[in-house]
Protein chains: 2
Amino acid sequence: MSTAHSARARARIEVTAAIKDEARRQLAAEGAAKLSLRAVARELGMVSSALYRYFPSRDDLLTALIIDAYDALGEAAEAVRDNATQPVERWIAVCEAVRAWSLAHPHEYALIYGSPVPGYTAPDTTVQPAARVGLVLIGIVRDAIRGPGVTFPPLPAELRPEAERLAADIAPDLPPEVSPALAAAWAQLFGLVGFELFGQFNRVVEDRESFFRHAAGQLARGVGLR
Amino acid sequence: MSTAHSARARARIEVTAAIKDEARRQLAAEGAAKLSLRAVARELGMVSSALYRYFPSRDDLLTALIIDAYDALGEAAEAVRDNATQPVERWIAVCEAVRAWSLAHPHEYALIYGSPVPGYTAPDTTVQPAARVGLVLIGIVRDAIRGPGVTFPPLPAELRPEAERLAADIAPDLPPEVSPALAAAWAQLFGLVGFELFGQFNRVVEDRESFFRHAAGQLARGVGLR
DNA sequence: CAAAAAAGAGAGCACTGCTCTTGCAATGGA
DNA sequence: TCCATTGCAAGAGCAGTGCTCTCTTTTTTG
């Protein structure tokens, strides 16, 4: 009887997961550049060539890890989204969740928001998971704007077309005035996290928690939350 | 006759420069991870072991390139600092210079603001050149604040100690209220640049110039410039 | 001019990603 | 049930890497 889930298919899933787990371990321990297919195979008691049955190249393994990292980060953001009721508090909570996940998984963060790996261009499979954090932030603003009397200053004329296109693309139910600020805040959030993570704040910012919380609050104000 | 600049010493300087130039070429062409000592040596017509007389390891070569990159970026920022008179215009000009340099030297940007290289920790020699852009931004705010009537909203109590320590460290002549915003804007600037450079804005932000200019203007407002 | 320091050349080690061939075992149709 | 097909593992091998030796040559220095 041929189930689509034969013993062999189940084994394949398990081995694939084991490879990713071991790769993630090495990634966390040494960073992406030292992630070696041979070392992963060795640790798993298989020969290196066997690993190529599961991932046709090192880059494919990295891509799998990248997708997982985006998903994990997105999940961390979504998990705290509804912990607060006030929009500003929700925004800050999400920012702090992003920071906390990143500090806990620095090498995975570097994989997705650090330098793109050598000559490597992210395949389309990564764009959807990559958007999750952004969608959470958009959602918070959307919910807040249902409330009364949230207005935005007019944009400079040169930016209006871009703002309207942007709004149509990423948040059709949001006023175009807020879309550039939202995209900017999204990028700036990762500027803050990246600087802390990659040591740029060493000998500069000491009380990281207070600093970040305040900066995240300012980002919230920048997208119109009060 | 022993000049401190013997023929050998001059040759050493030249060869060192040639190595860095070739390394920079490979860096620009292929990225840091594919920068190979052997390839550099090959291209220069020397054997790989000879190169170790100049740079004791690959990481030392990278460190030299990192310092040069910080200096080049800092110089680009300083070069435009005095092009405008209005503080906001000066701020925006510096931000745009940072962006322009980064877009023109993506791999060097990745070297200094992307993921730290494998197990590599930046030596102290890099901290001074790394600060140049930040100092330019601080200077703009300092100059602007000499002007009349620039005030800042009070900080939350939990942030006051950090703000005062920060102000004392990086800008003793600036009011503590502005120091956290300045540090945040500094990081956020590189968030914007990094997102554009590393493809995070693909299919999101189209009119990058207008978007960036507007975002940089908002950063300026965030540090009190009008 | 001789001793010392600096530089280059080449072999070699241990490692990497990846390919190819070979042998074995599970699968699924006749 | 038999047997061809398929999936997987193993091993050898290629070209490349960083880095360390030793040996020779060249330049500088006392």
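Letters A, B, ... mirror the listed sequences (proteins, then strands); counts begin at 1.
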At 4.0 Å (heavy atoms only), tell me whether L61(A) reaches a base, stays on the sugar-phosphate, or touches nothing. nothing
State whether R42(B) places a side-chain N or O below 4.0 Å from either non-bridging phosphate oxygen (OP1 or OP2) of dT17(D). yes
Reading 5' to 3' through nucleotides 5-12 of chain C, protein heavy-atom contacts under 4.0 Å coded B for base, S for sugar-phosphate only, - for none: BBBBBB-B
Those residues that, when tested against Y113(A), pass ring pair (Phe, Tyr, Trp, His ring centres under 6.0 Å) (two or more places apart): Y70(A), Y109(A), F190(A), F195(B)
Please list, chain by chain and in numerical order, all residues satisfying ring pair (Phe, Tyr, Trp, His ring centres under 6.0 Å) with H105(A), sequence neighbours excluded. W101(A)
With a 4.5 Å cut-off on side-chain heavy atoms, are E162(A) and S210(B) touching? no
Between dG17(C) (P) and L35(A) (CG): distance, integer Å: 8 Å
Take atom CZ of F55(A) and atom C1' of dC18(C), then tell me their distance rounded to the nearest Å. 16 Å
Please give, in whole Å, the distance from dG16(D) C1' to R58(A) CZ? 14 Å
note: K34(B), atom NZ; dT17(D), atom P; distance rounded to Å ~ 11 Å
Salt bridge (Lys or Arg N to Asp or Glu O under 4.0 Å) partners of residues 182-198 of chain A, not counting sequence neighbours, each pair once: R99(A)-E196(A)
Check the distance between dG16(D)'s P and L37(B)'s CG and give it to me in whole angstrom. 16 Å
Salt bridge (Lys or Arg N to Asp or Glu O under 4.0 Å) involving D207(A) - partner list, sequence neighbours excluded: none
May I ask you to verify if any side-chain N or O of S36(A) is less than 4.0 angstrom from the OP1 or OP2 atom of dG17(C)? yes
Whole angstrom is fine here: how far is it from OH in Y52(A) over to P in dG13(D)? 18 Å
Whole Å only: how far is the CD atom of E43(B) from the P atom of dG16(D)? 13 Å
Would you mind reading off the distance between L44(A) atom CG and dA9(D) atom P, rounded to a whole angstrom? 10 Å
Is there a side-chain contact between L159(B) and P180(B) in this structure, where contact means two heavy atoms from C-beta onward sitting under 4.5 Å apart? yes
Applying ring-ring contact (aromatic ring centres under 6.0 Å, His included) as the test, list every pair that has at least one member in residues 11-55 of chain B; sequence neighbours left out. none
